[in-house]
Amino acid sequence: MKKSIIVISIILIVALGAVAGMYSAGLLSPAPKVKVRIGYLTGDLHHLALHIAITKNYFAQYGIEYELYEYINGPTLMQHFVVGELDFAYVGTPPALTARASGLASNATYLPIVIGSGNLEGSALVVNPNIIRSIIDLNNKKIGTPGTGTIQDVLISTYAKNNNLTITKYPGRVSDLPLQYGRGEIDGFIGWEPYPSIAVYQSNASILLTSHDIMPNHQCCVLVVSDKFLAAHPEIVDKVIQIHRTAIDFINTNPAQAKEIAMNVTKLPAQVIELAFSHMYFSKSVNVDSIREFLVNMIRLGIIKNVDINQVDSFINGFINTKYVAG
Amino acid sequence: MKKAILLESVSKKYEVGSSSLEVIKSLTFDVNENEFVCIVGPSGCGKTTLLRLVSGLEPPTSGRILIFGDPPDPRKQRFGVIFQEDSLLPWRTVIGNVKFGLELQGYKESEHEKIARTYIELVGLQGFENYYPHQISGGMKKRVAIARALAINPDLILMDEPFADLDAQTRSLMQRELLNIWSKLNKTVLFITHNVEEAVFLAQRVFVLTKRPSRVKQIINIDLPYPRARLSPPFISYRERILTAFHEELEGI
Amino acid sequence: MIPIKKQYRRLRSLLFALSSVIMFFIFWELIALYSPSPYVPDPYSVLKAFITMLTVGDIDGYTLTWHALVSLERVLLGFIVGAATGVPIGMLLGIKPTLKGAVTPIIEPLRFIPPIAWIPLSIVLLIGLWRYIFLIWIGVFFPVLLDTIAGVKRTSITLIQMAKTFGADNKKIIARVIFPSSLPEIMNGLRVGLGVGWMCIVAAEMIGGEPVGLGRLILKYANLLQIDVVIVGMITIGLIGLTLNYFILLLEKRLFKWRVEIRA
């Protein structure tokens with residue numbers, strides 16, 4: 001009696017194991033459709049191309065299923081990216097560089113590869129005009145940033161270093177920065193659009209510097225894909241790039257409609273969106289020189305430690321996929 | 001001469017929800033100065049309530065209580081109360097506990113040490129001044145409580161079954177020492193017990209209370225010289241008399 | 001002199017403790033060695049990062065000591081406010097059961113809201129240091145309050161009556177009987193509260209604001225994907241929490257000699 005129970009249970013377990021094995025090997029079900037996982041940042045207008053593609057149903061037109069994941073800043077997004085939780089991401093150049101540098105040594109990481117340009121410029125330093133009237137007044141002031149290692153953090157750190165300024169950075173959630181500014185907790189902040197424009201209209205902040213002033217024409221956000229996804233599904237990557245480029249074209253040919261979509265996404269008034277748009281450029285080509293400059297600056301600032309200054313060119317070559325992105 | 005304790009038709013009722021519980025009903029008795037009186041009664045007869053009334057912790061519902069002619073008030077009179085339960089402050093040493101009453105009674109701080117040591121010696125605890133209560137025995141704790149009560153030079157000593165929790169040997173030792181102290185200090189003592197033998201051994205007069213609501217059932221004068229022999233025929237006959245009265249009450253419960 | 005048997009037992013438990021620590025590090029080293037992820041640093045690189053953080057400081061130039069001191073300052077301020085409110089209110093509610101009954105419907109649900117859940121509200125309502133103090137206060141207040149109430153309730157009625165028969169008024173009864181009698185529970189609440197507060201500060205610092213504090217240090221380096229420094233921050237938090245707890249235990253041992261000492 002007991003023996004038969006043992007025998008039956010062994011048979012059951014083996015059978016279950018076999019079914020599970022076949023299932024996982026794809027023998028029992030048709031190859032499941034790939035759902036691409038796309039990361040983006042909270043309220044970031046730099047990712048307008050993504051929102052256009054969603055609103056205009058481009059993904060469906062290309063037969064791509066997708067899931068969206070939102071993060072509070074680029075570095076946080078990249079923490080999830082490198083361990084394989086995302087396939088694509090709209091993210092600032094510096095966090096993508098940091099993530100690639102940190103993961104280069106290992107096969108286990110999912111390294112970002114640039115396959116598209118999100119936008120150029122698009123960040124601004126807004127300050128309290130009663131306290132800070134000129135660059136020199138920035139000394140010893142509390143300046144909010146969206147977090148260590150974000151493009152805004154790198155921009156302001158580089159700027160401070162080049163101009164011998166001492167700035168106390170107050171890292172925080174980007175969506176909290178206008179609020180903290182409004183209550184006088186910080187003397188100003190650098191953030192991605194539309195947050196600087198929000199502070200201008202809500203709290204009478206004034207724009208001291210745009211990122212154009214800090215680094216003209218700099219690459220800001222990029223569209224990255226993980227190296228492993230690119231190797232496994234090049235055809236899907238092709239389609240996503242086409243979707244992205246179509247969306248960028250749409251923004252540049254239909255600015256009025258693009259702004260309307262931006263207003264719908266952010267629920268912000270037209271004047272804020274208008275001001276934010278005046279700081280952003282949506283370009284299909286990537287500014288490789290500025291990416292190289294970011295990398296050099298980040299090595300100098302100590303943000304990236306495991307890339308030597310004379311490895312910069314080979315690093316950039318691996319980082320940007322020239323098949324998709326004209327240099 | 002004013003009576004040390006005088007109760008005139010004292011009643012005490014407690015309101016329990018909508019019903020009321022009458023614990024003591026028109027209780028009348030008096031205690032002379034320097035007298036040693038024991039009160040015996042069945043358990044639950046309101047002995048402890050009586051002590052709370054006499055020490056002024058609670059007012060009676062009706063009737064009046066006078067302590068040397070004044071209503072009881074621990075802020076005006078000095079009561080040395082000894083409880084059945086352990087009443088030592090566990091965070092204070094022996095001497096710290098004895099000083100407690102002195103502090104509350106407003107003795108000059110410079111006097112505390114000397115007075116406390118005197119009474120610690122009186123109860124035979126010299127050498128244990130700096131022990132904490134958990135380090136000493138149950139009998140020693142009672143001595144500390146007695147020393148603390150005596151240290152404030154009380155007008156009245158009120159004892160609520162103080163030796164009930166002690167083992168038989170320690171109890172009889174404590175009884176003898178209590179009598180010694182009483183004869184030395186000449187204090188009025190109201191001693192509550194349900195132990196008839198203890199009452200006969202200690203008291204000049206024994207009041208037997210009825211069951212609830214309590215009244216005085218019988219007052220018995222113990223005309224025996226101290227120290228009393230527990231096995232002497234008159235002692236036994238007193239004990240029998242009180243026990244008889246006591247048992248009549250017990251059977252009624 | 002300590003008996004030999006006791007000495008032997010002590011030595012043995014010390015050896016056990018030591019070997020478990022060594023085992024832990026070996027385990028860690030093995031995980032680091034065989035993990036395919038570059039984000040599992042080994043003990044040695046964490047030690048290196050620890051020394052760098054102590055001597056050179058972080059990416060913004062703040063040393064580890066500074067981060068720790070700032071976090072400690074915030075916790076201690078919140079702790080003081082928590083103790084200064086929790087103990088008296090707890091005493092009051094313990095002494096007045098009707099008042100306690102009246103406020104229980106407010107306090108009971110509130111105490112199940114963790115400090116972390118208050119963060120968004122605190123960002124909107126409070127600025128800088130006050131925000132931290134408030135969040136720590138939330139963590140400290142409720143354990144202290146509840147333990148103080150429990151301590152007051154556990155005060156022996158006999159002791160209170162005893163004090164009354166000596167003519168003590170309410171103020172004296174509270175100061176000389178109820179408070180010292182509740183002190184062990186109060187200290188326990190303070191110890192638990194400090195622990196909770198210390199754990200909250202890290203989360204509160206991660207939200208944003210000043211660039212210093214151990215929580216911020218961890219977040220900075222998590223953002224830079226330099227996990228060795230993240231672990232430095234974690235270890236520092238653990239060690240400081242342990243030390244704080246140890247000091248309160250030491251204080252309890254001194255204060256409550258009357259409780260723990262064995263019969264002489």
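So that the names make sense, note that chain A is the first sequence line, chain B the second, and so on, each numbered from 1. In what follows, every heavy atom counts, from backbone to side chain, and hydrogens, waters and symmetry copies are set aside.
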- Message: At under 4.5 Å between heavy atoms, what parts of residues 57-73 of chain C are in contact with chain A? List them by residue number.
- Response: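 Residues in range: C:Ile59, C:Asp60, C:Tyr62.
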
For [X], is it the side chain, the backbone, both, or neither that has a heavy atom closer than 4.5 Å to a heavy atom of chain C?
X        : value
A:Gln180 : side chain
A:Ile186 : neither
A:Asn73  : side chain
A:Ala101 : neither
A:Leu179 : side chain

Salt-bridge test for [X] and [Y]: reply yes if a basic N is under 4.0 Å from a carboxylate O, no otherwise.
X        : Y        : value
A:Glu85  : A:Arg37  : no
C:Arg74  : C:Glu205 : yes
C:Arg131 : A:Glu185 : yes

I'd like to know which of [options] tops the heavy-atom pair count under 4.5 Å against chain C.
options                      : result
A:Gly302, A:Gly74, A:Pro75   : A:Pro75
A:Gly172, A:Ala99, A:Ser102  : A:Ser102
A:Lys169, A:Arg183, A:Lys305 : A:Arg183

- Task: Please confirm whether A:Phe88 and A:Phe229 have ring centers closer than 6.0 angstrom.
- Result: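 Aromatic pair counts; centres sit under 6.0 Å.
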
- Query: Looking at the rings of A:Tyr69 and A:His80, which for Trp means the six-membered one, are their centres under 6.0 Å apart?
  - Reply: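 Ring centres of A:His80 and A:Tyr69 not closer than 6.0 Å.
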
- Item | Region of C:Tyr39 in contact with chain A, defined by heavy-atom distances below 4.5 Å | side chain

- Task: Let me know if C:Leu126 has heavy atoms under 4.5 Å from chain A in its side chain, its backbone, both or neither.
- Result: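 Contact with chain A is through the backbone of C:Leu126 alone.
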
- The residue among A:Leu223, A:Leu86, A:Asp44, A:Leu77 that forms side chain to side chain contact (heavy atoms under 4.5 Å, CB included) with A:Val91 is A:Leu77

- Query: What is the minimum heavy-atom distance between C:Met206 and C:Ile218, and which atoms define it?
  - Reply: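 Closest approach of C:Met206 to C:Ile218: CE-CG2, 3.6 Å.
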
Is [X] atom [atom1] crowded by more than 12 heavy atoms from other residues, nucleotides or ligands, each under 6.0 Å away?
X        : atom1 : value
A:Asn162 : CG    : yes
A:Ile136 : CD1   : no
C:Arg191 : CZ    : yes

- Value rounded to 0.5 Å, distance of CG in A:Leu208 from CG in A:Leu138: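 Rounded to the nearest 0.5 Å, the CG-CG separation comes out at 5.5 Å.
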
- Message: Let me confirm one number: the CH2-CG distance from C:Trp130 to C:Leu135, rounded to the nearest 0.5 Å.
- Response: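 Separation between the atoms: 13.5 Å.
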
- Task: Find the one option among C:Pro36, C:Pro38, C:Ala222, C:Gly209 whose heavy-atom pairs under 4.5 Å with chain A are most numerous.
- Result: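 Heavy-atom pair counts peak at C:Gly209.
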
- What residue in C:Val212, C:Leu225, C:Leu219 has the most heavy-atom pairs under 4.5 Å with chain A? C:Leu225

